[in-house]
2 protein chains.
Amino acid sequence: MTFQRNTKQRTQVIDLLKDTPEFLGASDVHLKLTESGIDIGLSTVYRTLSSLLENGELDVFIKDDGETVYRWCSKEHHHHLQCRVCGKTIEIQTDDFEELALKIAKKYHFQEVEHTFEITGTCKECL
Amino acid sequence: MTFQRNTKQRTQVIDLLKDTPEFLGASDVHLKLTESGIDIGLSTVYRTLSSLLENGELDVFIKDDGETVYRWCSKEHHHHLQCRVCGKTIEIQTDDFEELALKIAKKYHFQEVEHTFEITGTCKECL
DNA sequence: CTTTGTGCAAAGGCTTTGCATGCTT
DNA sequence: AAGCATGCAAAGCCTTTGCACAAAG
């Protein structure tokens, strides 16, 4: 968690993310900022997003097409329910997965356990 | 779901996947096959994996680094506990995840639900 | 003034595609 | 023989990195 200087660009990225409820990719962030007349390089966007992610400020997931998308987040671990058709994403907060994962890890004597859990389906609007 | 011809290459990819319990990326498949003395192009591997995926023969998920990895779909759905260090993989049989996923899907009126759940950690031999 | 961030362009990694050749049916 | 699959190389995306310049502390 290295300290970061407060630059115009970094501030703009953070402000945009804080104001946006959906997930944004690096190119989305870059496009929205340049459209607003803010000058920023695409690589700076990538670097800023990476550093924010490392500091746990962002929620992240990788879309089906491989693009990584980010959203300002609360630091609690959670999972996603995503619609295959429209891409709408719903956050799920439940401790059940966490407990299950830990129980299984303990049974097999695993340490430093991490887990991923994603649900996809078709939402009622897209049926 | 287009019909596919039975070529040497396609058969080899399928055989490899059926024999491999872990998830494999396209390059993994290509490497393992060429190491076994089987001649196959990387693009053929990609095309074969895509067609198998479309036909619902494969389970898939995208790793943190953006690589897409595939595994032959066993009829019984199950999950894996994998060691980050040695790669050892343990199959987990429990209906708990299934029930949870269905419960969540129902709550949000999602249909045709699928889910992925993977646990990674360090096994006791690798600590 | 020193250190870190930025921009640009080039390169990297995974994946897709165009086209001629070869194999399946 | 006809048509789809393959291989190779080139190109497409998203992302990362090297380097010189600019800005922050």
Side-chain angles (χ1 to χ4, degrees), chain A residues 1-17 20 22-55 57-71 82 87 89 116, chain B residues 1-17 20 22-55 57-71 116 118:
Chain A
M1 163 122 56
T2 49
F3 179 74
Q4 307 292 133
R5 290 180 174 175
N6 297 324
T7 65
K8 282 193 290 281
Q9 293 89 339
R10 184 179 178 86
T11 306
Q12 300 283 13
V13 171
I14 291 173
D15 287 351
L16 174 60
L17 286 167
T20 308
E22 313 96 54
F23 280 90
L24 295 178
S27 55
D28 300 327
V29 171
H30 184 246
L31 186 66
K32 287 196 179 237
L33 290 179
T34 48
E35 274 177 350
S36 311
I38 295 159
D39 239 14
I40 185 169
L42 182 55
S43 32
T44 301
V45 173
Y46 276 105
R47 281 187 276 234
T48 305
L49 289 174
S50 298
S51 102
L52 289 172
L53 182 65
E54 265 187 20
N55 294 2
E57 310 274 31
L58 298 183
D59 193 12
V60 65
F61 85 99
I62 304 177
K63 292 193 305 177
D64 284 351
D65 66 0
E67 188 187 12
T68 307
V69 288
Y70 307 84
R71 185 181 57 186
Q82 183 176 31
T89 304
T116 58
Chain B
M1 161 119 61
T2 48
F3 180 74
Q4 305 293 131
R5 290 180 173 174
N6 298 324
T7 65
K8 281 193 291 281
Q9 293 88 338
R10 186 179 176 84
T11 305
Q12 300 283 13
V13 170
I14 292 174
D15 286 351
L16 174 61
L17 286 167
T20 309
E22 310 96 54
F23 280 91
L24 296 178
S27 56
D28 299 326
V29 172
H30 184 246
L31 186 66
K32 287 196 180 235
L33 289 179
T34 47
E35 274 178 350
S36 312
I38 295 158
D39 240 15
I40 185 170
L42 182 56
S43 31
T44 300
V45 173
Y46 274 105
R47 281 188 276 234
T48 305
L49 289 173
S50 297
S51 101
L52 290 172
L53 181 66
E54 265 187 21
N55 294 2
E57 311 273 32
L58 298 183
D59 276 335
V60 65
F61 84 99
I62 304 177
K63 292 193 305 177
D64 285 351
D65 65 1
E67 187 187 13
T68 307
V69 287
Y70 307 83
R71 184 183 57 187
T116 58
E118 301 295 325

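Basis for what follows: all heavy atoms, side chains included, without hydrogens, waters or symmetry-related copies. Each chain gets a letter, A, B and so on, in the order the sequences are listed, and its residues count up from 1.
An OP1 or OP2 oxygen of C:dT25 is reached within less than 4.0 angstrom by a side-chain nitrogen or oxygen of B:Asn6. OP1 or OP2 of C:dT15 sits under 4.0 Å from a side-chain N or O of B:Tyr46.
Of the candidates D:dT15, C:dT24, C:dG5, C:dT24 carries the atom nearest the B:Lys8 side chain, counting heavy atoms from C-beta on. For A:Gln9, taking side-chain heavy atoms from C-beta onward, the closest of the listed nucleotides C:dT6, C:dT16, D:dT6 is C:dT6. Out of C:dT17, D:dC19, C:dT25, the shortest distance to the side chain of B:Arg47 is found at C:dT17. Residue B:Thr44 places its side chain closer to D:dG7 than to any other of C:dT15, D:dT16, D:dG7.
Nucleic acid contact for A:Asp39: sugar-phosphate only, since backbone atoms but no base atoms lie under 4.0 Å from a heavy atom of the residue. Across all strands, B:Thr68 comes closer than 4.0 Å only to sugar-phosphate atoms, never to a base (heavy-atom distances). Note on A:Thr7: only backbone sugar-phosphate atoms sit closer than 4.0 angstrom, heavy atoms only; bases stay farther off.
The backbone N or O of A:Glu67 sits less than 3.5 Å from a side-chain atom of A:Asp65, completing a donor-acceptor pair. The main-chain N or O of B:Gly25 is found under 3.5 Å from a side-chain atom of B:Asp28 such that the two form a donor-acceptor pair. Side-chain atoms of A:Thr20 never come within 3.5 Å of backbone atoms of A:Leu17 as a donor-acceptor pair (strictly under, hydrogens ignored).
Expressed to the nearest 0.5 Å, how far CD of B:Glu35 lies from NE2 of B:His30 amounts to 11.0 Å.
Rounded to a whole Å, the NE2 atom of B:His30 is 16 Å from the P atom of C:dG13. Note: CZ (A:Arg10) to C1' (C:dG7) measures 17 Å, nearest angstrom. In this entry the distance linking CD1 of A:Ile38 with C1' of C:dG7 reads 16 Å, nearest Å. Protein atom CD of B:Glu67 is 15 Å distant from nucleotide atom P of D:dT15, rounded to whole Å. Spacing between atom CG of A:Asp65 and atom P of C:dT15 amounts to 12 Å, rounded to whole angstrom units. Straight-line distance from the CD atom of A:Gln4 to the C1' atom of C:dT3: 13 Å, rounded to whole Å. To the nearest angstrom, P of D:dA5 lies 12 Å from CD1 of B:Ile14. Rounded to whole Å, the distance from CG on B:Leu33 to P on D:dT6 is 12 Å.
Looking only at side-chain heavy atoms (C-beta outward), A:Val13 and A:Ile40 come within less than 4.5 Å of each other. Side-chain contact between A:Leu24 and A:Leu49 is absent, with no heavy-atom pair separated by less than 4.5 Å.
In the helix from C:dC1-D:dG25 to C:dT25-D:dA1, the end axes, each obtained as the rotation axis mapping the C1' atoms of four pairs onto the next four within a five-pair block, lie 30° apart to the nearest 10 degrees.
On a pure distance criterion of 3.5 Å, a polar donor-acceptor pair joins the side chain of B:Ser43 and the base of D:dC8.
Checking B:Gly25 against A:Gly41, the closest nucleotide of DNA chain C that is more toward the 5' end is the one next to A:Gly41. Of the residues near DNA chain D, B:Arg5 and B:Leu42, the one whose nearest nucleotide (by heavy atom distance) lies more toward the 5' end is B:Arg5.
Residue B:Asp39 places its CG atom among 12 or fewer non-hydrogen atoms of other residues, nucleotides or ligands, all under 6.0 Å distant.
Heavy-atom minimum distance, A:Arg10 versus A:Arg5: CD-O, 3.4 Å.
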